[in-house]
Engineer: 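Pasting in a structure now, in structure tokens, and then I'll have a few things to ask.
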Amino acid sequence: MKKNNNNMTSFIIVVGILVVVVFAGVLAVNLLPNYESNSYYVKVEDEMGAKIEALDIKGSKLNITTSGDAYEYCVKSTRSTPESGNICWKKITNNTASISIYKYKKYYVWIKDTNGNISSPMSINTKDND
């Protein structure tokens with residue numbers, strides 16, 4: 001009878017340690033600073049003749065300033081690169097564009113040049129811009 005009691009005590013201690021380790025891991029991931037940058041740099045391929053010069057969040061609007069032969073932009077909350085004919089693509093006029101966004105979300109921004117080349121995604125967290 002005493003051996004079963006010791007086994008049960010050992011089991012409870014091991015499970016307790018595992019719970020504490022998992023909890024500490026979750027806590028550390030959520031409390032450590034997020035080093036993701038909100039820099040406004042979009043990596044583009046060598047053949048791409050357009051770039052994003054600035055992103056500016058004012059209230060619930062994301063303002064995009066581009067240069068070069070930027071033709072369209074796409075803003076989505078998922079990282080998957082949009083196809084060239086996707087409905088998210090909107091025209092850029094005079095190297096500027098504006099879109100309504102929600103706060104406390106992460107967005108990905110792409111631009112497309114007049115040759116149809118699509119940039120790599122750039123992410124921006126609206127929660128950092130109150």
Side-chain angles (χ1 to χ4, degrees):
M1 197 66 145
K2 186 137 177 114
K3 187 172 182 160
N4 280 344
N5 226 3
N6 285 342
N7 286 344
M8 183 59 94
T9 302
S10 297
F11 174 75
I12 291 172
I13 289 172
V14 168
V15 168
I17 290 171
L18 286 174
V19 167
V20 168
V21 167
V22 169
F23 179 74
V26 169
L27 192 61
V29 166
N30 288 312
L31 291 180
L32 288 176
N34 182 1
Y35 290 108
E36 182 172 327
S37 172
N38 269 345
S39 64
Y40 305 134
Y41 171 75
V42 175
K43 180 181 175 193
V44 296
E45 304 305 323
D46 290 336
E47 70 273 2
M48 186 143 187
K51 68 178 182 176
I52 292 179
E53 293 292 338
L55 296 177
D56 182 38
I57 297 175
K58 296 258 191 229
S60 62
K61 292 276 188 190
L62 172 62
N63 300 307
I64 304 167
T65 305
T66 64
S67 65
D69 64 346
Y71 179 63
E72 293 179 312
Y73 71 96
C74 177
V75 177
K76 297 186 340 171
S77 59
T78 58
R79 188 176 169 85
S80 60
T81 301
E83 296 290 324
S84 187
N86 193 299
I87 62 171
C88 76
W89 291 106
K90 308 290 183 234
K91 297 280 189 229
I92 296 173
T93 307
N94 297 327
N95 285 326
T96 61
S98 182
I99 187 171
S100 294
I101 56 173
Y102 295 105
K103 279 192 168 203
Y104 309 110
K105 286 193 69 144
K106 183 175 188 173
Y107 289 96
Y108 296 91
V109 180
W110 293 263
I111 57 172
K112 186 180 359 173
D113 66 14
T114 54
N115 294 324
N117 299 315
I118 298 173
S119 71
S120 299
M122 184 208 67
S123 65
I124 184 167
N125 288 309
T126 60
K127 68 179 179 179
D128 297 333
N129 296 288
D130 290 324

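Numbering of residues begins at 1 and proceeds along the displayed sequence. Computation of the quantities below employed the complete heavy-atom set of this structure, encompassing side-chain atoms and omitting hydrogens, waters and symmetry-equivalent molecules. Source: prediction; values computed, not measured.
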Engineer: In the single-linkage hydrophobic clustering (I, L, V, M, F, W, Y; side-chain heavy atoms under 4.5 Å), do Val20 and Ile13 co-cluster?
Structural biologist: no

Engineer: Return the set of residues passing side-chain contact (heavy atoms from CB on, under 4.5 Å) with Thr93 (not counting sequence neighbours), or none when no residue passes.
Structural biologist: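 Thr93 satisfies side-chain contact (heavy atoms from CB on, under 4.5 Å) with no residue once adjacent residues are dropped.
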
Engineer: Ser100: what forms a side-chain contact (heavy atoms from CB on, under 4.5 Å) with it, not counting sequence neighbours?
Structural biologist: Lys61

Engineer: Indicate the atoms forming the closest heavy-atom contact of Ile92 with Ala97, along with that distance.
Structural biologist: CG1-CB, 4.4 Å

Engineer: Looking at every non-hydrogen atom in both residues, tell me the closest pair between Thr114 and Tyr71 and how far apart they are.
Structural biologist: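 Of all heavy-atom pairs spanning Thr114 and Tyr71, the closest is N-CB, 3.9 Å.
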
Engineer: Can you name the nearest heavy-atom pair linking Ile57 to Gly59, along with the distance?
Structural biologist: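 Nearest pair, atom of Ile57 first, then Gly59: CG2-O, 3.8 Å.
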
Engineer: Could I get the full list of side-chain hydrogen bond (donor to acceptor under 3.5 Å, both in side chains) partners for Ser60, not counting sequence neighbours?
Structural biologist: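 For Ser60, no residue satisfies side-chain hydrogen bond (donor to acceptor under 3.5 Å, both in side chains) once neighbours in sequence are set aside.
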
Engineer: State whether the number of non-hydrogen atoms from other residues, nucleotides or ligands found under 6.0 Å of Ile87 atom CD1 is greater than 12.
Structural biologist: no

Engineer: Does Ile64 belong to the same Ile/Leu/Val/Met/Phe/Trp/Tyr cluster as Ile101, with side-chain heavy atoms less than 4.5 Å apart forming each link?
Structural biologist: yes

Engineer: Do Tyr108 and Met122 have side chains that get closer than 4.5 Å, going by heavy atoms?
Structural biologist: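 They are not in side-chain contact.
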
Engineer: What's the shortest heavy-atom distance between Pro82 and Ile118, and which atoms?
Structural biologist: O-CD1, 3.6 Å

Engineer: Measuring from Asn125:CG to Tyr104:OH, what's the distance to the nearest 0.5 Å?
Structural biologist: 12.5 Å

Engineer: Would you call Leu55 and Leu62 a side-chain contact if the rule is heavy atoms closer than 4.5 Å?
Structural biologist: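 In short, these two side chains touch, coming nearer than 4.5 Å.
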
Engineer: For Ser84, which residues count as a side-chain contact (heavy atoms from CB on, under 4.5 Å) partner, sequence neighbours excluded?
Structural biologist: Lys112

Engineer: For the side chain of Trp89 and the backbone of Glu83, is there at least one donor-acceptor N/O pair under 3.5 Å apart?
Structural biologist: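 Yes: the side chain of Trp89 pairs with the backbone of Glu83.
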
Engineer: Taking the side chain as every heavy atom from C-beta outward, state whether Glu53 and Asn95 have any atom pair closer than 4.5 Å.
Structural biologist: no

Engineer: Do Val22 and Val14 sit in the same hydrophobic cluster, where Ile, Leu, Val, Met, Phe, Trp and Tyr count as joined when their side-chain heavy atoms come under 4.5 Å apart?
Structural biologist: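 Cluster IDs for Val22 and Val14 differ.
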
Engineer: Strictly by disulfide (SG to SG under 2.5 Å), give each pair with a member in residues 88-119 just once, sequence neighbours left out.
Structural biologist: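 For residues 88-119, and leaving out neighbouring residues, the disulfide (SG to SG under 2.5 Å) pairs sorted by first residue read Cys74-Cys88.
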
Engineer: Shortest non-hydrogen contact from Ser98 to Tyr73?
Structural biologist: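 Heavy atoms of Ser98 and Tyr73 come nearest at O-OH, 3.4 Å.
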
Engineer: Considering residues at least two apart in sequence or located in another chain, which fulfil the side-chain contact (heavy atoms from CB on, under 4.5 Å) criterion with Val15?
Structural biologist: Phe11, Val19

Engineer: First locate atom OG1 of Thr81, then atom NZ of Lys76, and finally report the distance between them rounded to the nearest 0.5 Å.
Structural biologist: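 Interatomic distance, Thr81 OG1 to Lys76 NZ, rounded to 0.5 Å: 7.5 Å.
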
Engineer: Taking Asp113 for the side chain and Asn115 for the main chain, is one N or O donor matched with an acceptor at less than 3.5 Å?
Structural biologist: yes

Engineer: Specify the closest pair of heavy atoms between Asp69 and Ala50, including all atoms of both residues, with the distance to one decimal.
Structural biologist: OD1-N, 3.5 Å

